[in-house]
**Q** 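Have a look at this one.
The chain is numbered in sequence order, starting from 1. Note that the structure is a prediction, hence the values are computed from the model and not measured.
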Amino acid sequence: NLAHHYSSSGNRLKAVQYLQLAAQQGIQRSANTEAIDQLTNALRILKSLPETQQRDQHELILQTMLGPVLIATKGNAAGEVALAYKRAVELGRKLGDNVQLFPVLFGMRSFHLVRAELRQARELGEQLLGLSETIGDAGLSLEANLAKGNTLFLFGKLTPALESLERGYALYDPQKYRAHAFLYGLDPGVFCLARIAWIFALLGHRDQASKKMSAALALAHQQSHAYSLAVAIMHACNVHSLRSEWLA
């Protein structure tokens, strides 16, 4: 209502800010369709404003928010996901803010990864590692190691993938990095544990796979992020299948 009021009054930037706030609240409730509508409306209003650094900064934030909710509703490989992240990459490079650019490159990597464009995904993963080292942030290093491990997993390099995912998980703090689920689309601790469990199952380490999978599911319930829980359950299905636990 406030967004509509400010839009009607001509204060379009204020309308964008309220739409962004409404979208943030929607994302935290996993109301992804509503959040997409609010972010799309905010971007539509922004296009009517003069091109300034402030306008670009607002658009970068909105496009970065839009990527994960599009992934949750349409899948990583959807064309809309690519459009959001391509525009965000353009804005991030233009503004020269590596911290804001990092989650954008992460999202672009996930787009290529799910489309089986592994060379592009690997190149973006290397950029993420480089950025995390340059900035010196543990949270970015966590996500960079997750990205590298996931790419190695899909290349079939299970042991190096396991090592990278374990390095990432060693940096994880469920309270400190809870917001990562909304910025990157998945809780990194849940994903690392779930993927580690799957790798252990593939390597034949049944007990370790079971323990890691139980830990991933418990963490997913604790973090209360619906998409992370869905991904953890998907991994649990794979682990049970590899263990021939058909009823489970």
Side-chain angles (χ1 to χ4, degrees), residues 3 6-7 12-28 31-132 134-135 140 143-144 146-147 150-151 179-186 227:
Y6 279 109
S7 181
R12 289 170 290 176
L13 189 56
K14 201 70 175 178
V16 168
Q17 291 170 345
Y18 276 110
L19 282 166
Q20 179 185 330
L21 181 60
Q24 286 173 337
Q25 292 172 343
I27 291 167
Q28 288 168 358
N32 293 320
T33 303
E34 293 174 16
I36 290 170
D37 289 342
Q38 288 150 349
L39 291 168
T40 302
N41 284 333
L43 287 166
R44 177 181 53 78
I45 294 170
L46 267 186
K47 285 182 181 178
S48 68
L49 297 176
E51 290 190 16
T52 63
Q53 186 172 355
Q54 183 186 29
R55 196 214 71 89
D56 287 347
Q57 181 66 52
H58 278 293
E59 185 183 354
L60 175 57
I61 293 169
L62 293 172
Q63 296 284 11
T64 304
M65 290 173 65
L66 185 59
V69 288
L70 285 172
I71 287 172
T73 54
K74 298 178 181 292
N76 298 64
E80 296 96 325
V81 172
L83 289 174
Y85 280 124
K86 281 179 181 176
R87 176 59 177 158
V89 168
E90 178 185 333
L91 290 165
R93 295 200 189 283
K94 180 180 176 182
L95 292 167
D97 188 331
N98 285 337
V99 174
Q100 286 190 289
L101 184 61
F102 186 94
V104 174
L105 293 177
F106 186 96
M108 201 70 220
R109 177 208 59 89
S110 72
F111 167 77
H112 287 298
L113 197 72
V114 175
R115 288 170 61 91
E117 296 166 350
L118 299 184
R119 181 182 59 79
Q120 294 97 317
R122 182 173 58 188
E123 289 172 357
L124 286 166
E126 292 301 324
Q127 289 183 44
L128 292 173
L129 279 170
L131 279 178
S132 69
T134 299
I135 297 168
L140 301 187
E143 296 290 352
L146 180 158
N150 197 22
T151 305
H180 279 218
F182 307 107
L183 183 59
Y184 297 93
L186 278 170
Y227 190 63

**Q** Within this structure, what is the OH-OG1 distance for the pair Tyr227 and Thr73, rounded to the nearest 0.5 Å?
**A**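 Rounded to the nearest 0.5 Å, the OH-OG1 separation comes out at 9.0 Å.
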
**Q** Determine the minimum heavy-atom distance between Tyr85 and Pro68, stating which atoms define it.
**A**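 Answer, listing the atom of Tyr85 first, then Pro68: OH-CD, 3.3 Å.
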
**Q** Say whether, by atom type as modelled, one donor and one acceptor occur between the side chain of Arg12 and the main chain of Ser48 under 3.5 angstrom.
**A**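 Yes; judged by distance alone, with no hydrogens or angles, the pair exists.
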
**Q** State whether Lys86 and Glu90 are salt-bridged, where the test is any N-O pair (Lys NZ or Arg NE/NH1/NH2 against Asp/Glu carboxylate O) under 4.0 Å.
**A**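 So Lys86 does not pair with Glu90 through a salt bridge.
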
**Q** Checking salt bridge (Lys or Arg N to Asp or Glu O under 4.0 Å) for the pair Arg122/Glu126: CA distance, chi angles, key distance, verdict?
**A** CA-CA 6 Å; Arg122 182 173 58 188; Glu126 292 301 324; over 6 Å; no

**Q** Applying the side-chain contact (heavy atoms from CB on, under 4.5 Å) criterion to Phe106, which one of Leu146, Leu124, Leu183 satisfies it?
**A**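 Going through Leu146, Leu124, Leu183 one by one, the side-chain contact (heavy atoms from CB on, under 4.5 Å) with Phe106 is satisfied by Leu146 alone.
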
**Q** Return the set of residues passing salt bridge (Lys or Arg N to Asp or Glu O under 4.0 Å) with Asp56 (not counting sequence neighbours), or none when no residue passes.
**A**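 With sequence neighbours excluded, Asp56 shows a salt bridge (Lys or Arg N to Asp or Glu O under 4.0 Å) to Lys94, given in chain and number order.
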
**Q** Begin from the C-alpha positions of Thr40 and Leu43 and carry the test side-chain contact (heavy atoms from CB on, under 4.5 Å) through to its verdict.
**A** CA-CA 5 Å; Thr40 302; Leu43 287 166; 5.7 Å; no

**Q** Does the pair Gln17 and Lys14 meet the rule for a side-chain contact (heavy atoms from CB on, under 4.5 Å), with working shown?
**A** CA-CA 5 Å; Gln17 291 170 345; Lys14 201 70 175 178; 3.4 Å; yes

**Q** Once you round to the nearest 0.5 Å, how far does OH of Tyr18 lie from CG of Leu13?
**A**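 Answer for the OH-CG pair, Tyr18 versus Leu13, is 12.0 Å.
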
**Q** Output side-chain donor-acceptor pairs under 3.5 Å for residues 113-121, partner residues at least two apart or in another chain, one line each.
**A**
{"from": "Arg115", "atom 1": "NE", "to": "Glu117", "atom 2": "OE2", "distance (Å)": "3.2"}
{"from": "Glu117", "atom 1": "OE1", "to": "His112", "atom 2": "ND1", "distance (Å)": "2.6"}
{"from": "Arg119", "atom 1": "NH1", "to": "Glu123", "atom 2": "OE2", "distance (Å)": "3.0"}

**Q** If you apply the rule side-chain contact (heavy atoms from CB on, under 4.5 Å), what do you find for Ile71 with Leu186, and how did you get there?
**A** CA-CA 10 Å; Ile71 287 172; Leu186 278 170; over 6 Å; no

**Q** Consider side-chain contact (heavy atoms from CB on, under 4.5 Å). Of Asn41, Leu46, Leu62, which one does Leu19 pass it with?
**A**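 When Asn41, Leu46, Leu62 are each tested with Leu19, the side-chain contact (heavy atoms from CB on, under 4.5 Å) holds only for Asn41.
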
**Q** Rounded to the nearest 0.5 Å, what's the gap from CG on Asp37 to CG on Asn32? Could you check?
**A**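 Output value for this atom pair is 11.0 Å.
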
**Q** What is the distance from atom CG of Leu70 to atom CG of Asn76, rounded to the nearest 0.5 Å?
**A**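 Here the interatomic distance stands at 11.0 Å.
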
**Q** Please report the shortest heavy-atom distance between Ala35 and Ala23, naming the atom on each side.
**A**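 Closest approach of Ala35 to Ala23, heavy atoms only: CB-O, 3.8 Å.
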
**Q** Which heavy atom of Ala88 sits nearest to which heavy atom of Thr64, and what is that distance?
**A**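 Closest approach of Ala88 to Thr64: CB-OG1, 4.4 Å.
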
**Q** Can you tell me how far the CE atom of Met65 sits from the CD1 atom of Ile36, to the nearest 0.5 Å?
**A**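 Here the interatomic distance stands at 11.5 Å.
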
**Q** How many angstroms lie between atom CG of Leu105 and atom CG of Leu128, to the nearest 0.5 angstrom?
**A**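 Here the rounded value is 5.5 Å.
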
**Q** Of all the heavy-atom pairs spanning Pro103 and Gln100, show the shortest one and how long it is.
**A**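 Nearest heavy atoms, Pro103 then Gln100: CD-O, 3.4 Å.
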
**Q** List the steps and the verdict of side-chain contact (heavy atoms from CB on, under 4.5 Å) for Arg109 and Asn150.
**A** CA-CA 11 Å; Arg109 177 208 59 89; Asn150 197 22; 4.1 Å; yes

**Q** To check you understand the geometry: which heavy-atom pair defines the closest contact between Leu129 and Ala144, and what is its length?
**A**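 Heavy-atom minimum between the residues: CD2-CB, 3.7 Å.
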
**Q** Search all heavy atoms of Phe102 against all heavy atoms of Leu131 and return the closest pair with its distance.
**A**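 Scanning both residues completely, I find the closest heavy atoms to be CD1-CB, 4.0 Å.
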
**Q** Please test Gln63 against Glu59 for side-chain hydrogen bond (donor to acceptor under 3.5 Å, both in side chains), starting from the C-alpha separation and ending with a verdict.
**A** CA-CA 6 Å; Gln63 296 284 11; Glu59 185 183 354; 3.2 Å; yes

